[in-house]
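Heads up: the structure comes next, in structure tokens.
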Amino acid sequence: MEKGLLISFEGVDGSGKSTQLARLADRLRAVGTEPLLVREPGGTALGERIREILLDPATGDIDPAAEALLYAASRAELVATTIEPALADGRVVLVDRYVDSSLAYQGAGRELGIDRVLEANLLATRGRLPHLTVLVALDPAAARERLASTGADEDRIERAGDDFFTRAHGAYAELAERWPDRIANIDGAGSPDEVERLVDAAVQPHLTRAGIALEPLEAHA
Ligand code: TYD
């Protein structure tokens, strides 16, 4: 039987997925399970350099296929050097964005086509898909409002415009229909505590199978 557990967190920028990932990581640590946390693009020396190119507004407009392949290159390095060894050690790996980000952002957002981007990503990951993907779904307008309230500068992707994010948001919903067993489509409109309860319900069966029992959420409130 395969060891290890790979859980990805997905959603449009501002959806709150990173907050939820951090909360789950805290709860795992509270019961003595140290998860491996990785972010995409990045997570390796090569990946961090690629991340700079991809997110720096100074990079400007690049060919969509080049963009998709840069994300895939960062992912390939991460899977080979970090994710696979951690899974082989039986660890829980939490990844902030993974293949579905490329399907939504480059496949739909940049209109390359989901299946073509999937093909490149199956090469990059050697077919490694997450055991569970937590999709924190939030209407792009609401997500944008949350982002604006943080006051952070927009990166190159965040500058892509409303149509881009509408396409990415729609694609995420399509992906959840395509992989209903893998992707938990969670309503991200509620408070962080409300969303955390939905995340909890999605992750529990997987953690139970991996022999990990989290404390009930109420105990942490
Ligand atoms: P980041 O600052 O990590 O954003 P977030 O906190 O929202 O994850 O920047 C990653 C950006 O790159 C984000 O706008 C989404 C985008 N992206 C893609 O377009 N394709 C991908 O495959 C990945 C992993 C990210």
Side-chain angles (χ1 to χ4, degrees), residues 6-23 25 37-44 46-57 59-79 82-83 93-125 128-130 133-138 140 142-172 175 183 188 192:
L6 176 60
I7 303 179
S8 63
F9 282 72
E10 295 283 356
V12 292
D13 297 70
S15 62
K17 67 179 166 43
S18 305
T19 302
Q20 294 301 329
L21 187 156
R23 286 184 175 214
L37 308 186
V38 279
R39 70 160 181 191
E40 283 219 15
T44 64
L46 174 69
E48 292 298 326
R49 291 176 74 176
I50 294 175
R51 179 183 176 87
E52 271 184 48
I53 298 172
L54 281 167
L55 300 188
D56 187 351
T59 298
D61 286 342
I62 59 175
D63 175 70
E67 181 177 291
L69 292 169
L70 282 169
Y71 279 109
S74 170
R75 185 163 300 130
E77 185 72 3
L78 185 68
V79 170
T82 308
I83 293 180
V93 181
L94 304 182
V95 50
D96 195 338
R97 298 193 178 282
Y98 192 63
V99 168
D100 300 294
S101 280
S102 285
L103 303 182
Y105 281 65
Q106 282 66 52
R110 300 287 192 219
E111 301 182 283
L112 281 173
I114 286 175
D115 286 303
R116 289 167 75 206
V117 177
L118 178 60
E119 210 173 302
N121 273 274
L122 291 176
L123 169 70
T125 61
R128 168 66 71 187
L129 290 177
T133 296
V134 176
L135 168 60
V136 181
L138 186 64
R144 232 174 219 287
E145 240 170 68
R146 280 195 196 168
L147 265 191
S149 72
T150 67
D153 285 345
E154 286 184 329
D155 64 36
R156 196 181 64 86
I157 300 289
E158 284 161 6
R159 292 179 176 202
D162 291 345
D163 290 352
F164 175 92
F165 282 101
T166 301
R167 285 196 294 275
H169 175 67
Y172 271 134
L175 296 174
I183 303 182

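Since the structure is predicted, the reported quantities are computational estimates derived from the model, not experimental observations. All ligand and atom numbering here is 1-based and tracks the order in the structure.
- Pairs passing the side chain to side chain donor-acceptor pair (under 3.5 Å) check and including a residue from residues 160-169, sequence neighbours excluded, read R144-D162.
- Looking at atom 9 (O) of ligand 1, its nearest protein heavy atom turns out to be L55 CD1, 3.5 Å.
- Inclusion of Q106 in the set of residues having an N or O under 3.5 Å from an N or O of ligand 1 is warranted.
- Inter-residue side-chain proximity for E77 and I50 is flagged as unmet; no heavy-atom pair is nearer than 4.5 Å.
- Heavy-atom proximity to S102, at under 4.0 Å, picks out these atoms of ligand 1: 21 (C), 22 (O).
- Within the 4.5 Å cutoff, the side chain of V93 has no heavy atoms near those of the Y98 side chain.
- Nearest-heavy-atom check against atom 6 (O) of ligand 1 across E10, K17, R110, R39 picks out K17.
- Among all protein heavy atoms, the one lying closest to atom 12 (O) of ligand 1 is Y71 OH, 2.8 Å.
- Looking at R51 next to ligand 1, an N or O pair under 3.5 Å apart turns up.
- For ligand 1, the atoms lying closer than 4.0 Å to a non-hydrogen atom of R75 are 21 (C), 22 (O), 24 (C).
- Applying the side chain to side chain donor-acceptor pair (under 3.5 Å) test between E40 and each of R75, R51, R97 identifies R75 as the sole match.
- With sequence neighbours excluded, no residue satisfies ring-ring contact (aromatic ring centres under 6.0 Å, His included) with Y172.
- Protein heavy atom in closest approach to atom 4 (O) of ligand 1: D13 OD2, 3.8 Å.
- For D63, the CG atom counts as densely surrounded, since its 6.0 Å shell holds more than 12 non-hydrogen atoms of other residues, nucleotides or ligands.
- Within ligand 1, counting atoms from 1 as listed, the ones closer than 4.0 Å to a heavy atom of D155 are 2 (O), 9 (O).
- Looking from atom 8 (O) of ligand 1 to the surrounding protein, the closest heavy atom is R97 NE, 2.7 Å.
- When side chains are defined from C-beta on, E10 counts as touching S101, because their heavy atoms get closer than 4.5 Å.
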